[in-house]
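For clarity, every value in this text was computed on a predicted model and none was experimentally measured.
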Amino acid sequence: MLGVSLVVALSSSWQGAWAWRDACTATILGREATADGSTIVTQTADCYNCDYRLAKVTRQESPHQVRRFKATYPAEVSDRSLTWRSLEYTTLDVDSLERNEAMAERQREAWNSDDWQRQSILGSIDAKDLAALRPQGDFDSFENLYAISNAAGLTMAETTCEATLLGLDPAAEGGPLFDIGALSKLAMRVCATARCAIRVMGKVAEMKGYYAAELRPPEAGEALAIADGNEAWLFHVIPDFTGRSAVWVAKQVPPDSVAICANSFVVRGVEESSNDCLFEEEEEEDCDFLASPNVEENALLQEKNLGFPLVRDPNGLVDFAATFGPRPDNKGYPYSTHRVWRVMSLLAPKGTKVHVQAALLDKKADYLGSELPFAIKVEGPVTARDVIEYQRDYFEGTPFDLTKGLAAGPWGDPTRYDGTYTTETTVEPSVRDVVPRDLPALQEGRFERAISMFRTSYCVVAQSWGATTEREGVLWYSQGTPHAGVFVPLRLDGGDVPATFRRGSLFEYSPESMFWATQLVANWMRANIFRLAREDVRLEQRAFETKALASLSSSSSFSNADLANEALETWSRLFAKLVTKYHDGFRLMTGGDEPRRLVEPDVHRFFYPDAWLKQVGYYSPKKPDAYYEDDAPPPTDSTDAIVDTQLTTTAWSGGGGKQQVPFTLARGHHKQTEDSVGAFVLATKALLAVALLAFGIVAGITIEKRRQHLRPILTL
C-alpha cells in the first residue's frame, strides 16, 4: 500500500504545472484522406537527450523479453538488432575507439555487464500467454524508443499525455511490467492489424500492469496513433488506481479524416459497450470504440480518493479526457491545443474555421480544446509530401507565428528554448546570472509551442497499404530538427538500417551521423539570417524528397543505404554552403547573370531590419527603454518589478561535488534596473561628501587644538 499511497500523494499535490520533457506530436490519417490510399501515422520525438538511432529488428527473443523504458543513449543493449548491439559498436560508432579509447572501453564494460542486463530486463511473456492473445504472426519491424512499423503494414506513433493517475515504479514489489514502449514493441512483433495491436496492448497492460515512463502528471498518460493500411485508431492508456493494472480506451478515426494528439487526450465519451466486441470477430467490424472494462470504476476511485471528479459528456458517458486528463486549472493548455488546431487548419481549413477559429483567436478555447473535433474530414487528398511539410511547421502566417516578435530576433528564428518545463538547473561555477527554472513566476510564462522543434530527436512519417496488398510500406525517417532536416524513405525489404541512422550519440559529434548533419544546419540557420538560410534549406529538401519519391515508384531493387548515404552527403555540403554564404554579418552573392561573381567574391554586408532596430532602441542609444516597442509603457505591476530576494539552488561545482549557489532574480524593465543603480550612485556620492566634510571638520579641530597646545613651547 505504500506505493499506492505515494501515487495518491503525488497526484493530489500537483497543481497543474505544464512540465513536459519529451512532449511529442502524433497525427494519423485514414486511407480515404490520402492521395495514394495509404494510412499515415506521424511522430515528432521531441526530447532533448533521447537516443535518436533507428533499429530494424529481425532476431526476436523467446520468451519475449520486457525491458524497462530507457530514453537516453543507449536505449537498449541486445542482439535483437544491429543498432542495439554493443560488442561490435562500442559507442555505436565503429571508429569511436580510436577517438576516445577510455570512454569506449568504459562503455563496453558497463553495457555488457550482468548488472546492466538485470536492471534492463523486468520480465518476460511466455508462449502460453502470447497464444492467449491470438497473435497473427512474428514480424520484422522498425523501432526506436517505440515501435514504428512492421512487415505486415502495422504502424504506430507515440505521444505522452498529461494524466491524473501516476501508477507505480516497476521496481516496486509486485510492480507493473509494461510501459508504452514495451507494449508497442510486443504488439508490433505479433500483430498485422490495428485491432490486434489494441487487443494485445490493452489486455497485457491489464494483466501484467502498466507504468508511466516518468512518474509525474505531464507524462503519466500515453497515446498511440495506430494504423494498418485499412483502419486508423487512437489509443489512450494510463495506470489504474492500484498501479498494478491499466485503464485504456481506443477510438477509430474515420477513413476520410485526420486526427491529432499533442500531449493531451482527445478521446472523450467512452461507450459502455466498448469492451463487448473486443474478442468477438463477428461483431468486431461494427465497433469503432474499444476500452478496458474498468474505466468508470477507476473514475469513481479517483473521485473518492483524490477529489478529481468523474466527468460525463452530454450523452452521460464517462469523458475520458476530462476525467483522467489535465485539470481545469492547467494554464498551459495552448501547448497542446494550438498544435491540434494547426494541423486541422492546414488539411481542412474551411471545416476548422467553422469549428474553432473564433474561439482560438479570441483565446476562449477551454483547457481540453473542446471546440476541436476528435477528427476532421480533410479537404482534398493529402500526399506524403504534404504530411512531411507540416512536421516542419512553426505557425508561420498565423496569429501564433514564431518567426515574429522580439523573441524571434532580427531574422525570424522560430526557436524558443525551454525554460520552465523542469526543476533541473545547471550552473557553471563562473556563471551567476542563471535563473532557477522552477520558480512559480517563471512557470506561469510560456512561449508558443510548434510542431517542429529545436530539440526533436527524430521524426517518422509511416505509410501503410496493409498486409493484403503487394505494396510495401514506407517509413520516411528524419533525425534532428524537422525544418532543418531531410526525410529519407526506408523499407523493410530494402536492407538494414543505413549506418548514418544507427550510429552516433550525444556524447560526441560524428560526421557520419545524420542527426549531427541536421543539427549543424539547424544551428547555423539559427545564428545566421534564418529567413534567408531557410530558403536554401527548403530548396534542398524539395529536391531530395522529390527524387526520393521517384525512386520509390521506379526502382525494382530499392536500397535503404543508397538514399541515406546521398542524404548525408547532401546535408554535409549544405552546411558548407551555408557557412560560406552567410557568416560574420556578410552574405556571399551567388548565381544570377553577373560573370564577375565567378572570378571574384561578391560579398554584401547585411544589417538588421528597421522594425527590429526600433524595438531594441538602436536609434535612441541613450534611452534605456530598449526592450520594449515604441510607445509601450514600462511595466508597473509587482510581478515585473525588480526582485532582490536572495535565492539558493543546488548546482554542480567544478570539483564534482555540490555547492550552494546564490542567485539574484532580476525580472523587469531595464530602465528600472538603471534607475535603481542611479539612485544608489547618487546616495553613495552624497554619503561620501558628508563623510569628507565631517572628516575635514574633525581634522581642522584637531589641528587647532595641537596648535594651541604647542604655542607656549614655541614661545620659549
Which heavy-atom pair separates [X] from [Y] by the least distance, and what is that distance?
X      : Y      : answer
His236 : Val267 : NE2-N, 3.3 Å
Ile238 : Gly221 : CG2-CA, 3.9 Å
Arg531 : Pro410 : NH1-O, 3.5 Å
Ile180 : Val237 : CD1-CG1, 3.8 Å
Thr39  : Gly229 : OG1-N, 2.9 Å
Trp476 : Pro489 : CZ3-CD, 3.6 Å

Q) Shorter than 2.5 angstrom, is that how the SG atoms of Cys261 and Cys161 come out? A) no
How long is the gap from [atom1] on [X] to [atom2] on [Y], to the nearest 0.5 Å?
X      : Y      : atom1 : atom2 : value
Lys377 : Leu347 : NZ    : CG    : 14.0 Å
Ile226 : Ile198 : CD1   : CD1   : 4.5 Å
Gln479 : Gln519 : CD    : CD    : 9.5 Å
Ile28  : Thr155 : CD1   : OG1   : 6.5 Å
Ser457 : Leu506 : OG    : CG    : 7.0 Å
Leu402 : Arg449 : CG    : CZ    : 10.5 Å

Q | Audit row: Phe289, Val249, side-chain contact (heavy atoms from CB on, under 4.5 Å) steps and yes/no | A | CA-CA 8 Å; Phe289 249 96; Val249 64; 3.9 Å; yes
Electrostatic pair [X]-[Y], nearest N-O below 4.0 angstrom:
X      : Y      : result
Arg268 : Asp319 : yes
Lys404 : Glu448 : no
Glu231 : Lys251 : no
Arg538 : Glu545 : no

Just checking, is any N or O donor in the side chain of [X] or [Y] under 3.5 Å from an acceptor N or O on the other one?
X      : Y      : value
Arg339 : Thr25  : yes
Glu158 : Ser184 : no
Thr27  : Thr42  : yes
Asp401 : Tyr394 : no
Thr159 : Asn263 : yes
Asp36  : Gln463 : yes
Asp46  : Thr456 : yes
Asn49  : Arg455 : no

Q. Checking side-chain contact (heavy atoms from CB on, under 4.5 Å) for the pair His338/Phe395: CA distance, chi angles, key distance, verdict?
A. CA-CA 9 Å; His338 285 180; Phe395 294 117; 3.9 Å; yes
(Q) Just so I know, are the side chains of Arg534 and Thr403 near enough to count as touching, which here means a heavy-atom distance under 4.5 Å? (A) yes
Ring centroid separation [X] to [Y] under 6.0 Å:
X      : Y      : answer
Tyr52  : Phe515 : yes
Tyr210 : Trp248 : no
Tyr417 : Phe454 : yes

Q. Is the charged tip of Arg526 near the ring of Phe530: under 6.0 Å from the six-membered ring centre and within 45° of its axis?
A.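 No.
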Q: Start with the C-alpha gap between Cys191 and Cys196, add the side-chain angles, then the distance that decides, and say whether disulfide bond (SG atoms under 2.5 Å apart) holds.
A: CA-CA 6 Å; Cys191 288; Cys196 170; 2.1 Å; yes
Q. Any sub-3.5 Å donor-acceptor pair from Asn528's side-chain atoms to Ala533's backbone N or O?
A.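 No, the answer is negative, given that no donor and acceptor are paired below the 3.5 Å cut-off.
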**Q.** Any donor-acceptor pair under 3.5 Å from Ser257 side chain to Val253 backbone
**A.**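 No; zero donor-acceptor contacts below 3.5 Å.
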Q) Relative to the ring of Phe324, is the ring of Phe320 parallel (under 30°), tilted (30 to 60°) or perpendicular (over 60°)? A)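 Ring orientation, 0 to 90° scale: tilted.
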Q) Any idea how Phe69 and Tyr146 line up, ring-wise: parallel (<30°), tilted (30 to 60°), or perpendicular (>60°)? A)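 Correct class here is parallel.
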Q) Looking at Leu574, Val486, Leu539, which one forms a side-chain contact (heavy atoms from CB on, under 4.5 Å) with Phe544? A) Val486
Q.
Show, in sequence, the C-alpha distance, side-chain angles and deciding distance for Tyr211 and Leu166, and conclude whether the side-chain contact (heavy atoms from CB on, under 4.5 Å) test is met.
A. CA-CA 8 Å; Tyr211 67 94; Leu166 307 188; over 6 Å; no
